[in-house]
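Residue numbers begin at 1 in each chain, while the letters A, B, ... track the order of the sequences.
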There are 2 protein chains.
Amino acid sequence: MTDHERLSGFLQDHGIQPSAQRVAIARFVLHTDRHPTADEVLAEVRRDFPMVSRATVYNTIRLFMEKGLLRIHQLEGGVAVCDANTARHHHFIDEDTGEIVDVPWDAVDVGRLDELAGLSVDSWMVVMRGRRRREPPSRD
Amino acid sequence: MTDHERLSGFLQDHGIQPSAQRVAIARFVLHTDRHPTADEVLAEVRRDFPMVSRATVYNTIRLFMEKGLLRIHQLEGGVAVCDANTARHHHFIDEDTGEIVDVPWDAVDVGRLDELAGLSVDSWMVVMRGRRRREPPSRD
DNA sequence: TTCCAGTTTTAGACATATTCTAAAATCAAA
DNA sequence: TTTGATTTTAGAATATGTCTAAAACTGGAA
């Protein structure tokens, strides 16, 4: 079973009619943790599929979001980014590079959210800002 | 001492040369908790000061931010909003109305942020989504 | 006061991100 | 096949925000 067939089946299982463009877009956007913008998705998909249009990328990203395959976040600089990690998690933004990093749900303790007078909280996320630590020089 | 004089002095104290436009913008944007967008600031300021230009509003909001009088957040729908609450706090977004509500820093417990491998966290904020609770009918 | 240099404001051009539109291409089912 | 619905497309339209260059204004020096 080819990669293409597997992805086609996956899209169908989520109520999405597969097409060559949708599979090409899914192949990238559903398997990256780089939080790409729509234009980054377009650029990446065009490497293998040069004829895909910008409108199709926007349409497909929205379709994937409506079907629950990804989320769209507005965290930085007026640009929407795709996040194929649909499990609950937090986000860290590197203020030097703009890079967005997923932070596991259990890595942070959040408490007392139910006691907010007048607000009924359905979901939440911690947005952290800072800098990625330089890796200590490896010793191999 | 007029309101205008008081605001002029406040701006000067923060290294900002006062002007009629800057005072008019400050009067609104530094005293609201409505998290207005730039265009909402423009509309509001024009009610009293019809000649103010869009460019001046954008310039002034940026100036106020650089001088630490407000922050700019991108929380929803690709629009930047002004937040004159410069103390640490969290945000609640009403998913029905888009309304943004400040949540006091101490109303939420957040812990264990320092233990994130490879990430040096300088600041953080909890972003909550849900619905404002309907006020129970008052009994007066 | 009047002048001047620096600052502020302005309209409109530009840039960027996203959505819309209407026509062409493609597809699935009969 | 044909057909009718779906998908894709280029480009127009919209929205938010920045830039530019000229005009207006300001505070101090003369």
Using a cut-off of strictly less than 4.0 Å, decide whether [X] has a side-chain nitrogen or oxygen near OP1 or OP2 of [N].
| X | N | result |
| --- | --- | --- |
| Q21(B) | dC25(D) | no |
| S19(B) | dT9(C) | yes |
| S53(B) | dT9(C) | no |

Just how far, in rounded Å, is [atom2] of [N] from [atom1] of [X]?
| X | N | atom1 | atom2 | answer |
| --- | --- | --- | --- | --- |
| Q12(B) | dT8(C) | CD | P | 11 Å |
| Q17(A) | dC27(C) | CD | P | 10 Å |
| E66(B) | dT18(D) | CD | C1' | 13 Å |
| H73(B) | dT16(D) | NE2 | P | 19 Å |
| F49(A) | dT26(C) | CZ | C1' | 12 Å |
| F64(A) | dT7(D) | CZ | P | 12 Å |
| R22(B) | dT9(C) | CZ | C1' | 9 Å |
| M51(B) | dG12(C) | CE | P | 11 Å |

Taking side chain to side chain donor-acceptor pair (under 3.5 Å) as the cut-off, I'd like each qualifying pair that reaches into residues 65-76 of chain A, sequence neighbours left out, listed once.
H73(A)-D83(A), E76(A)-R129(A)
Produce the list of close N/O pairs, under 3.5 Å, pairing protein atoms with atoms of nucleotides 16-25 of chain C; give distances to one decimal.
from, atom 1, to, atom 2, distance (Å)
dT18(C), OP1, A80(A), N, 2.8
dT18(C), OP2, Y58(A), OH, 2.9

Under 4.0 Å between a side-chain nitrogen and a carboxylate oxygen: does that hold for D94(A) and R132(A)?
no
Quick one: are [X] and [Y] in side-chain contact, heavy atoms under 4.5 Å?
| X | Y | answer |
| --- | --- | --- |
| V79(A) | D39(A) | no |
| F28(A) | D48(A) | no |
| I25(A) | F64(A) | yes |

Only one of T32(B), L70(B), D102(B) clears side chain to side chain contact (heavy atoms under 4.5 Å, CB included) with N85(B); which?
D102(B)
Fit a plane to each ring of H89(B) and H91(B), take the angle between them on a 0 to 90° scale, and name the class: parallel (under 30°), tilted (30 to 60°) or perpendicular (over 60°).
perpendicular
